[in-house]
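Below: one structure, written as C-alpha cells.
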Amino acid sequence: MTNSISINLPDGSVHEFPAGTTALQVAENIGAGLARAALAAKVDGEVWDLERPISETVSLEILTERQPEALDVLRHSAAHILATAVRQLYPEANIGFGPAIEDGFYYDFEVERPFTPEDLATIEDRMREVVKENFPFVREEVDRDEAERRFKDDPLKLERIEELGDDEVISVYADGPFVDLCRGPHLPATGRLKHFKLLHAAGAYWRGDERRQMLQRIYGTAWFNKKDLDQYLTRLEEARKRDHRVIGKQLDLFSIQEDVGPGQILWHPRGATIQFELRRFIEDEVLRRGYDLVYTPHITKEQLFFRSGHLPMYEDDQFPAMAAAAGDAEGVRYRVKPMNCPMHALVYASRQRSYRELPIRLAEVANVYRNERSGTLHGMLRVRGLTMDDAHIFCTEDQIEEEIYGILDLADFVLNKTFGLEYRLDFSTRPEKKIGSDDVWDIAEKALLGALERKNITYGVDEGGGAFYGPKIDIKIRDAIGREWQGATIQLDYQLPERFGLEYVGRDNKPHRPVMIHRAIYGTMERFVGMLIEHFAGAFPVWISPEQVRVIPITDDLASAASDIHGRLRTVGIRSSVDDRSETLNYRVRDGEIMKVPYMAVVGKREVENGTVAVRVRGTGKKQEIMPVDAFVERVLRQIRERSLSPTG
RNA sequence: GCUCGCGUAGCUCAGUGGUAGAGCGCGUCCUUGGUAAGGACGAGGUCACGGGUUCAAGCCCCGUCGCGAGCUCCA
C-alpha cells in the first residue's frame, strides 16, 4: 500500500500527490484560475466528478467549458436540476432516467397528469431557484441494500437497481433535497448551470418499451454561454422556417389530403417537376453505369410474398390482402407490393443465366406501399406511398466487393458531387426478426464489412438494424441544419436467391447461386425531395427548379415582347413563365423572390429596343445584369447542363 | 399503435355560451409601373365529422377522422 500516486497531465508532466487527492485539488495546485474554471475531470479516459478521490496513478485532464465532454456534464446536471425542481413541485412524481442528449437533456417522470406548457414555465422558474441555491452535487457510493432503502418509494429506480450487476459500483448523487441513483458525473454545484431553457414535454414509454407505462418526458437545452443558447434557439427557429411541409405549401409543391389518406403525397406540377428531373437524372446515370431498366406491377398474388419471406416477417408493414380477381382460382389473394425485390428476382429467373452475364443490374423507379403506423407519418419524410429509386444487382460472390464500391461511388456522385450533401455510413447487422441461418448471416456481414474495411471507409455500426433478409450499409444524409436522414441504402442478400432458386451456369458448366444486392440512392423520392426542400430552403438549383425563369414585362404593352422571350426559352427546354399581371413591378418582383424563382427577366422599353433582358438573380437583391437575350439563354442552359448548385455564376 | 395538444374563409390566425372576424390570397374596376406589397369595391364559412348537455354551442362533454410534438418503428 502506498500513500503517494502519480498524476500524469496532458502536457506530459507527472506530479506526485497523496492517494485520495481529488481532481479539484490537482487543479488548485496548478492554478487558481483553472480551479475556478474546472467542471469535471477526465481520469484515464473516463469523466469523473472533480471531488471524487483518486486512489491510484492515473492520467488526468481537467475539463472546463472548452472541452466538449464538459457540455454533457452540464446537460446531465441540468437534468438533475430539472428533477430537483419537479420533485419539489410534485413530491409524488416517480423519477425515470435523465440523460444528456444531443443539444440538451431530458428527464422522464411518472406523474398523475401530463405537464402543460404553463407547468413547464413554473418548473423552469423553480429550476432557477435551485441554481440560485448553488447546492453542491455530492457523490456517495452505497451497497445494494442501502440503495434499495433509499429508493424504496421509487419503483422505477428500484427496477434499475435490480438490474445492476453485483460487481457494479452503485453511486447516488444529492443536490440539496434531491437524491438520484446515477453514475454521474456532475458539475461541482447547481450554481454552475446558467443558460438553459425547457423546450417541451411529451410522452415516452418507460425503458422505451411500448408495452410498458408511459412516462412524461420534459426536454430542455443547456449551454455554457448565452450566445450558444441563443444560437441554438435561432437554429430551431431556422429549422421551423425550412420545414418542408411549410415550404411545400408556400411553393405549391405537394399536398397530403384527407380524402386520399394519410402518408400519401399528391405531387403538384411544381413538385412533380422536381421528381421528374431527379428521376431522369438517376435513370440516365444508372444506364451509363451498366444497369438495365425494368417495370413491374404494383400488385401481385400474395403467394409471392410468402415465398420471399415478407409474409409473415414484414406483414405488419404491408397493407392487408385484397380479394381474388374475377375468375381467379379459389383462395387466390393479392397484395400491393411493399418492395420490388421478389419481382426483380423473378425477372432474373425468367430464363437461364450464364456467369458471363453477371453482374445483372435491374433498376426501377417504383411505387411501393407500406402500412406505416399512423403516429410515425411525417410530411414527405415518412409516408405510406413511397417512390423508390430501387435496383437489384445479381452477381457472384467474387463480384460483391466491386459492386459495393460501384454503388458507393454512385451515391457519392449523386449526393455529394451533385447536391452538395454531406453523409456518413452506418453498418447495420442482423435484426431479431430475420430469415436464414446465422452461418449465412455471418458470411453476409463479413462480406459487407470486409468491403468497408478494405477501402478504409469510416462507418458507424447499428446493431440489429439490418433488413430481415440481410445486413445493410445505410447512408445517412446530414441536412443544412445538422439533422440526419436515412436515404441511400445497400443491402446484401443471400436469402432471396435461395428462396427463389436463382441460378447461373458457371464456367464449370454447373449451376451456382448468385447473391443479390438491394440498393437505393435517393432512397425514396418523397424523403429525398422533402430533404432537398429543407436543405435548400426551397431555393433549388436551377436544373431542378420548377420554374427556372420568370419573364416580367414592365408595362402591359410589352406583354407580347415578353411572351416572345418566354417562347424562345421554352423552345430550348427552359422552364419559363410570364408574369404580365396588372400589378406593379415591385409586387411581381417580390412574388418571384418569394416563389424562389432563380431568374427573373425584366423586360422594359429599353430592353425590347436593344434585344436584351434585365436579369435579376435569386437572392442577389437589387443588383441586376442587362444582357442580350442570347447570352441569357446560354447562361441558363449552362447552369442546367452543369447542374450548378446556385444560379449565381 | 401509445401519451398529450390542436382542427374557424384558399393560406396564416383572432374569436371563453347569445346575429362568424382580420391580414394575405382570389375576382372586378382604376392605376402602366424600372427591381421585395399602388388604390377602390366584391365574392368567399355545414366553425373537421357524428352524437350529447343547454332556452341557446365555433366555444362545454363523449366518440370518430385528420394534423402536430414526442415514444415505438422505419426509406
Side-chain angles (χ1 to χ4, degrees), chain A residues 106 108 113-117 199-219 243 245-246 249-250 252 255-263 314 316-317 338-339 368 370-384 386-390 428 431 433 465 467 472 474-477 485-489 491 518-528 530-531 552-559 580 582-595 600-607 614-617 619-624 626:
Chain A
Y106 68 76
D108 288 339
R113 169 182 73 78
F115 299 110
T116 64
L199 298 173
H200 55 262
Y205 298 110
W206 170 233
R207 311 306 292 269
D209 185 339
E210 62 182 323
R211 287 165 306 200
R212 309 205 57 179
Q213 76 267 40
M214 184 158 277
L215 309 182
Q216 296 303 318
R217 175 172 298 177
I218 296 177
Y219 284 92
D243 190 320
R245 294 165 301 185
V246 174
K249 196 170 271 178
Q250 282 165 354
D252 195 16
S255 62
I256 299 170
Q257 298 187 30
E258 211 172 320
D259 288 339
V260 177
Y314 201 71
D316 288 348
D317 293 85
M339 293 185 192
V368 300
R370 299 182 184 175
N371 192 9
E372 302 289 345
R373 295 163 79 172
S374 60
T376 65
L377 302 175
H378 182 85
M380 293 185 113
L381 298 178
R382 189 75 187 275
V383 294
R384 286 183 176 151
L386 302 71
T387 310
M388 303 184 69
D389 66 315
D390 207 0
S428 299
K433 243 183 153 181
K472 311 192 285 182
D474 286 329
I475 300 185
K476 305 254 166 77
I477 300 172
W485 301 98
Q486 162 156 9
T489 179
Q491 311 172 348
H518 310 235
R519 56 100 286 197
I521 303 299
Y522 297 134
T524 67
M525 293 296 190
E526 287 77 15
R527 180 171 289 180
F528 195 72
M531 223 206 56
I552 304 180
I554 292 178
T555 58
D556 281 354
D557 55 322
L558 299 171
D580 56 4
S582 178
E583 298 286 354
T584 58
L585 180 62
N586 276 344
Y587 180 94
R588 288 176 288 159
V589 166
R590 178 181 144 86
D591 191 59
E593 286 287 350
I594 288 171
M595 293 303 284
M600 278 180 264
V602 177
V603 182
K605 217 165 90 192
R606 291 201 296 271
E607 284 74 25
V615 178
R616 180 183 167 116
V617 180
T620 58
K622 281 202 173 193
K623 207 173 65 189
Q624 52 166 315
I626 313 289

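What you see below is based on every heavy atom in this structure, not just the backbone, and it leaves out hydrogens, waters and symmetry mates. Chain letters run A, B, ... following the sequence lines, proteins first and then strands; every chain starts at 1.
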Between B/rC73, B/rA36, B/rC11, which nucleotide has the shortest distance from any of its atoms to the side chain of A/Lys249?
B/rC11
Pairwise C1' distance for B/rG50 and B/rG44, with rounding to whole Å:
26 Å
Is there a donor-acceptor pair under 3.5 Å between the side chain of A/Asp389 and the backbone N or O of A/Thr524?
no
Is A/Asp580 reaching over with its side chain to a backbone N or O of A/Ala559, donor-acceptor style, under 3.5 angstrom?
no
Ranking A/Arg207 and A/Gly375 by the position along RNA chain B of their nearest nucleotide, the one closer to 5' is A/Gly375
A/His378 has a side chain; which of B/rA69, B/rG38, B/rG66 sits nearest to it?
B/rA69
Pair partner, B/rG23 [Watson-Crick or wobble, under 3.5 Å]:
B/rC11
Give one of base, sugar-phosphate or nothing for A/Gly604, where a contact means two heavy atoms less than 4.0 Å apart.
base
Among B/rG34, B/rU35, B/rG66, find the nucleotide with the atom closest to the side chain of A/Gln624.
B/rU35
Answer yes or no: are there more than 12 heavy-atom neighbours, outside A/Lys605 itself, under 6.0 Å from its atom NZ?
no
C1' atom, B/rC71 versus B/rU12: distance in rounded Å?
30 Å
What contact category does A/Ser374 fall into here, base, sugar-phosphate, or nothing, at under 4.0 angstrom with non-hydrogen atoms?
base
Base-pairing assignment for B/rU28 (Watson-Crick or G-U wobble, both under 3.5 Å):
B/rA40
Interatomic distance, A/Asp591 CG vs B/rC11 P [rounded to whole Å]
18 Å
So what's B/rC49 paired with, Watson-Crick or G-U wobble, going by both distances under 3.5 Å?
B/rG63
From the list B/rG66, B/rG34, B/rA36, which nucleotide is the closest neighbour of the side chain of A/Leu585?
B/rG34
Would you mind pulling out the nucleotide paired to B/rG68, Watson-Crick or G-U wobble, both distances under 3.5 Å?
B/rC4
Should the side chain of A/Thr584 and the base of B/rU31 be counted as holding a donor-acceptor pair, with the cut-off at 3.5 Å?
no
How is A/Arg245 classified with respect to the nucleic acid when contacts are heavy atoms under 4.0 Å: base, sugar-phosphate, or nothing?
sugar-phosphate
Looking only at the side chains, is there a donor atom on one of A/Asn586 and A/Thr584 sitting less than 3.5 Å from an acceptor on the other?
no
Under 3.5 Å on both distances, the Watson-Crick or G-U partner of B/rA56:
none
Does A/Ser582 reach a base, just sugar-phosphate, or nothing at all? Heavy atoms under 4.0 Å.
base
Categorize A/Tyr205 for me: base, sugar-phosphate, or nothing, with a 4.0 angstrom heavy-atom threshold over every strand shown.
base
Rounding to the closest angstrom, what is the interatomic distance between B/rA14 and B/rG52 at atom P?
30 Å
Nearest-Å distance, CD (A/Gln257) to P (B/rA48)?
18 Å
A/Arg217 or A/Gly465: which one's nearest nucleotide on RNA chain B is closer to the 5' end?
A/Arg217
Considering just the side-chain nitrogens and oxygens of A/Tyr587, establish if one lies under 4.0 Å of OP1 or OP2 belonging to B/rG39.
no
Classify the nucleic acid contact of A/Gln216 as base, sugar-phosphate or nothing, counting any heavy atom under 4.0 Å across all strands shown.
sugar-phosphate
Base B/rU32 paired with A/Asp556 side chain (donor-acceptor, <3.5 Å):
yes
For atom CZ of A/Arg212, is the number of surrounding heavy atoms from other residues, nucleotides or ligands below 6.0 Å larger than 12?
yes
Test item: A/Arg527 side-chain N/O and A/Tyr522 main-chain N/O as donor-acceptor pair under 3.5 Å
no
Donor/acceptor link under 3.5 angstrom from A/Arg616 side chain onto base of B/rA36
yes
Using the C1' atom in both, what is the distance from B/rU64 to B/rC6, to the nearest Å?
16 Å
Sugar-phosphate, base or nothing in reach of A/Phe115, heavy atoms under 4.0 Å:
nothing
Any N or O donor-acceptor pair linking the side chain of A/Arg382 to the base of B/rC73 at under 3.5 Å?
yes
Just call it for A/Gln213: base, sugar-phosphate, or nothing, with non-hydrogen atoms closer than 4.0 Å on any strand.
nothing
Nearest to the side chain of A/Ala202, which nucleotide is it out of B/rG70, B/rG25, B/rU3?
B/rG70
Quick check: any donor-acceptor pair below 3.5 Å linking the side-chain of A/Glu607 to the base of B/rG34?
yes
Under 3.5 Å for both donor-acceptor distances, Watson-Crick or wobble: does B/rU35 have a partner, and if so which one?
none
Check this for me, if you would: do A/Arg207 and A/Asp209 make a salt bridge, where the nitrogen-to-carboxylate-oxygen distance has to be below 4.0 angstrom?
no
Gap in Å between the two C1' atoms, one belonging to B/rC11 and one to B/rG33, rounded
28 Å
Between B/rU72 atom C1' and A/Glu372 atom CD, what is the distance in whole Å?
12 Å
Classify A/Met214 by what it touches in the nucleic acid, base, sugar-phosphate, or nothing, heavy-atom distance under 4.0 Å.
base
Rounding to a whole Å, what distance do you find between A/Ile626:CD1 and B/rG34:P?
14 Å
Just call it for A/Ala614: base, sugar-phosphate, or nothing, with non-hydrogen atoms closer than 4.0 Å on any strand.
base
Please check if the side chain of A/Arg588 supplies one atom and the backbone of A/Ile554 the other of a donor-acceptor pair under 3.5 Å.
yes
Is A/Lys433 touching bases, backbone alone, or none of the nucleic acid, heavy atoms closer than 4.0 Å?
nothing
